[in-house]
Trainee: 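Attaching a single structure in structure tokens format; questions to follow.
Numbers here are sequence positions counted from 1. From a predicted model like this one, the values you see are computed outputs, not experimental measurements.
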Amino acid sequence: MVKYRPDVDGLRAVAVLPVVLFHAGVAGFGGGFVGVDVFFVISGYVITLRLLSDLQEGRFSIIDFYERRVRRIFPALFFMIALTTVAAWFILLPPNFDDYSRSAVATALFGSNIYFWKFSGYFDPSAQLRPLLHTWSLAVEEQYYIFMPIAMYIAYRFLKARWLLIFMPVVVLSFALSVYATTTAPTANFFMLPTRAWELLLGALLVLAPPPAPSRKGVAEVVGLLGLALILYAVFTYTEETPFPGVSALPPVLGSAMVIWSGTAHSTLVARGLSWRPMVWTGLLSYSLYLAHWPIAVFFRYITLRDPTLLESAIIVVASFALAWFSWRFIEQPFRVKGNPFPRKRLFAMAATAMLLVSAVGIAGVMSGGAAFRYPGFEEPQVAGREEWKERKCFIEGDQGWRDWGGKDCFITNGQAENALLWGDSFAAHYVPGIARNAPEIPFNVINYTAAGCPPMLSYYSYARPNCQAFNQHALELIKEYDIKAVVLSSRWHSMKSRGLDGIRSTIEALNAMGVRTYIIGQSAEFGANIDLLDYRSGRAETAAWLTNIDPVINSELKHFVGADATFIDPMSFLCQGELCAFKTDGIFRYIDYGHFSTTGATDAVRAYFPIVKENAIGALAMPARG
């Protein structure tokens with residue numbers, strides 16, 4: 001008989017609350033996403049406990065196991081999908097509804113982790129507007145539970161329950177793969193079962209091969225407190241820039257295992273705290289709360305096209321709890337009891353019907369172009385801008401390195417006596433069309449040396465972009481090889497704020513030591529959504545502006561670190577009036593998405609403030625006579 005542990009339900013609250021607060025935009029919970037890892041350990045522990053009990057008592061049944069999973073997972077999930085689909089129908093524009101429809105099919109078939117691996121990153125800007133993104137973790141769990149009960153049955157029946165011999169190698173291999181994939185395949189590492197299985201299995205081994213229970217309460221107290229501290233350390237210190245999972249997943253995963261283990265034989269301080277009634281109540285709601293909170297946060301951002309204020313974050317959290325309670329009370333609970341009114345055959349029939357219905361609705365959404373008939377006359381803007389970047393040759397993608405760069409094919413302008421280097425990420429590359437169209441006013445042969453997600457900081461290293469460091473270091477060799485006289489640095493500096501903008505100093509110092517003139521273009525405008533949504537919300541006006549979602553102090557902070565050692569240009573004063581930035585002028589779009597310039601936008605931006613242009617005020621200021 002499985003003994004109920006209220007502290008484990010309380011640990012579910014520790015898992016879900018940081019996730020909810022992180023997604024609601026509450027400051028200070030930058031690592032709230034690790035709550036999912038806590039859930040994985042708990043799930044591995046609780047379900048393995050029940051499986052082992054069934055095996056030992058001679059009542060193991062695969063059908064019974066999946067009946068319990070259906071009762072636990074399906075009702076709340078498909079209820080939330082139904083509500084989300086209704087909301088998406090009224091809120092999402094055709095391109096977004098098309099993506100939603102595809103993700104709904106993947107979710108219904110428990111393959112949404114694969115879908116989001118292929119078509120998104122968890123921290124990509126577009127992810128903020130995908131209502132079913134959070135279902136990736138459910139897909140991972142259900143894929144895991146295709147194999148686990150069968151593996152346990154085989155081990156118990158034929159291998160004399162040699163649990164460590166069977167499962168520990170899988171834990172080690174899965175963790176090693178996760179560490180390796182942190183640098184080689186970061187998106188797959190985040191979303192896929194092979195790199196997440198060790199987290200679930202660690203919870204399982206607490207049941208199958210647990211360390212001896214602590215004989216002294218003092219030991220249990222220390223282990224429990226340390227485990228909780230490890231979880232909270234990750235919650236409060238991790239950010240979107242933290243390489244994850246890999247080694248960084250160890251604190252929340254080991255911490256969760258330590259909390260569970262410490263409460264097995266003693267009523268520790270942590271166990272009593274987790275058994276506190278509000279914590280247990282939150283833990284009981286945790287599944288429905290997890291399902292409810294993300295669509296609410298997504299639709300808020302989609303409607304407002306900005307991050308929530310503190311009051312609005314509180315409203316999102318309260319609304320999530322209210323919907324979660326309703327789901328738990330009236331959807332989850334009636335299905336949790338076996339028998340009438342939902343006996344097994346009817347339950348499985350209802351589950352299959354739900355999967356088919358959601359899949360059918362999703363397929364219909366895709367085939368109808370995102371239900372485009374809801375918006376007669378709507379057309380997704382087709383805006384030129386990236387064609388001249390020479391992607392995969394001069395603008396290097398994430399799976400490439402500096403050796404893939406195209407050399408002399410990457411000259412944007414020609415015919416001048418001296419060379420200049422454009423160095424940075426996509427927010428440097430988006431100036432390329434404008435440089436080409438302003439070529440007569442640029443007294444340099446400008447070379448495009450840009451890479452996706454690689455800010456031009458020599459000190460920068462990212463597990464998600466492992467090739468960036470070598471790419472940036474190679475820029476110094478290019479400066480010598482091509483006798484570069486001027487370097488223009490540009491980037492999405494906004495994404496570097498959590499790491500620290502002082503990293504620009506390493507580049508400036510190296511360039512100054514080489515005697516080249518250095519110009520740094522600050523953060524340009526970004527919006528909370530792509531231009532199709534902005535245009536629709538603006539009534540398709542010929543000229544329209546929208547609030548930027550860039551922190552207004554980002555460029556002043558960057559300028560502080562640049563100091564007097566390079567020329568700094570603030571684009572915002574040219575692109576925006578206060579917080580309003582024009583994205584469309586005289587019927588022509590100035591951007592291609594949420595922040596990258598269109599050809600027209602780049603042409604005007606280069607003419608207005610690009611530092612090596614002869615005619616603009618910035619160019620005149622930034623081009624002192626050479627001695």
Side-chain angles (χ1 to χ4, degrees), residues 66 69-120 126-143 191 287-288 290-303 319-320 323-324 326-327 330-332 334-335 342 346-380 529-530 532-533 536:
Y66 285 119
R69 294 304 294 166
V70 168
R71 290 184 185 279
R72 172 66 172 142
I73 298 299
F74 276 55
L77 173 62
F78 284 96
F79 169 69
M80 211 61 65
I81 292 176
L83 292 184
T84 304
T85 301
V86 172
W89 177 270
F90 289 104
I91 295 173
L92 300 185
L93 289 180
N96 303 106
F97 194 80
D98 177 87
D99 175 72
Y100 173 80
S101 300
R102 295 172 191 272
S103 68
V105 175
T107 300
L109 301 177
F110 293 97
S112 61
N113 62 325
I114 300 172
Y115 178 80
F116 292 121
W117 162 51
K118 297 296 291 183
F119 298 105
S120 178
S126 62
Q128 297 292 315
L129 302 180
R130 307 184 97 163
L132 296 179
L133 178 68
H134 63 321
T135 63
W136 73 269
S137 62
L138 301 182
V140 168
E141 282 201 27
E142 294 315 300
Q143 291 161 16
F191 284 119
Y287 176 53
S288 282
Y290 180 77
L291 289 174
H293 84 283
W294 178 248
I296 292 173
V298 165
F299 289 130
F300 173 87
R301 287 183 170 91
Y302 194 91
I303 292 169
S320 300
L323 183 55
F326 180 90
S327 173
F330 296 105
I331 306 298
E332 280 194 63
F335 282 90
F342 305 110
R346 181 181 298 177
L347 180 76
F348 284 156
M350 292 171 66
T353 301
M355 295 173 72
L356 289 172
L357 280 175
V358 171
S359 297
V361 170
I363 292 169
V366 174
M367 294 182 68
S368 62
F373 57 84
R374 296 172 301 140
Y375 297 90
F378 174 84
E379 291 185 8
E380 190 173 3
N530 287 344
D532 56 349
L533 182 52
Y536 177 78

Trainee: So, taking the atom named CG in Leu138 and the one named CD in Gln143, what distance separates them when rounded to the nearest 0.5 Å?
Mentor: 10.5 Å
Trainee: Which heavy atom in Leu92 sits nearest to a heavy atom in Asn96, and how many Å separate them?
Mentor: CD1-O, 3.9 Å
Trainee: When you look at Leu109 and Met355, which way does the side chain to side chain contact (heavy atoms under 4.5 Å, CB included) test go after all the steps?
Mentor: CA-CA 7 Å; Leu109 301 177; Met355 295 173 72; 4.2 Å; yes
Trainee: Just do the side chain to side chain contact (heavy atoms under 4.5 Å, CB included) check on Leu323 and Leu83 with the steps written out, would you?
Mentor: CA-CA 11 Å; Leu323 183 55; Leu83 292 184; 3.9 Å; yes
Trainee: Surrounding CZ of Phe90 (heavy atoms of other residues, nucleotides or ligands, distance under 6.0 Å), is the total greater than 12?
Mentor: no
Trainee: Restricting to non-hydrogen atoms, name the atom on Arg374 and the atom on Leu93 that form the minimum distance, rounded to 0.1 Å.
Mentor: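 Heavy-atom minimum between the residues: NH2-C, 3.9 Å.
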Trainee: Within the structure provided, determine whether His293 and Tyr290 are in side-chain contact (heavy-atom separation under 4.5 Å).
Mentor: yes
Trainee: Is the shortest heavy-atom distance from the side chain of Pro95 to the side chain of Phe378 under 4.5 Å?
Mentor: yes
Trainee: List for me each residue that meets ring pair (Phe, Tyr, Trp, His ring centres under 6.0 Å) alongside Phe78, sequence neighbours excluded, and say none if there are none.
Mentor: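 Expected list: Phe74.
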Trainee: What are the two closest heavy atoms between Ala292 and Ala324, and how far apart are they?
Mentor: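 What the structure gives for the nearest pair is CB-N, 4.4 Å.
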Trainee: Between Arg71 and Glu332, does at least one N-O distance fall below 4.0 Å, as a salt bridge requires?
Mentor: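 Salt bridge absent between Arg71 and Glu332.
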Trainee: Could you tell me how the ring of Trp89 sits relative to the ring of Phe97: parallel (under 30°), tilted (30 to 60°) or perpendicular (over 60°)?
Mentor: perpendicular
Trainee: Tell me, please, which residues at least two apart from Tyr66 pass side chain to side chain donor-acceptor pair (under 3.5 Å).
Mentor: none
Trainee: Sequence neighbours left out, what pairs pass side chain to side chain donor-acceptor pair (under 3.5 Å) with at least one residue falling in residues 100-110?
Mentor: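 As it turns out, the side chain to side chain donor-acceptor pair (under 3.5 Å) pairs with a partner in residues 100-110, which skip direct neighbours, are Thr85-Tyr100, Asp98-Arg102, Thr107-Thr135.
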Trainee: Can you name the nearest heavy-atom pair linking Pro131 to Thr84, along with the distance?
Mentor: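 The answer is CB-CG2, 3.7 Å.
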Trainee: With side chains defined as the heavy atoms from C-beta onward, is the minimum distance between Leu291 and Phe79 less than 4.5 Å?
Mentor: no
Trainee: Is there a side-chain contact between Ile73 and Glu141 in this structure, where contact means two heavy atoms from C-beta onward sitting under 4.5 Å apart?
Mentor: no
Trainee: Determine the minimum heavy-atom distance between Phe342 and Pro334, stating which atoms define it.
Mentor: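 Looking at all heavy atoms of both residues, the closest pair is CD1-O, 3.9 Å.
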Trainee: For residues Ala88 and Phe299, report the shortest heavy-atom separation together with the two atoms involved.
Mentor: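 Shortest heavy-atom separation between Ala88 and Phe299 comes out as N-CZ, 3.7 Å.
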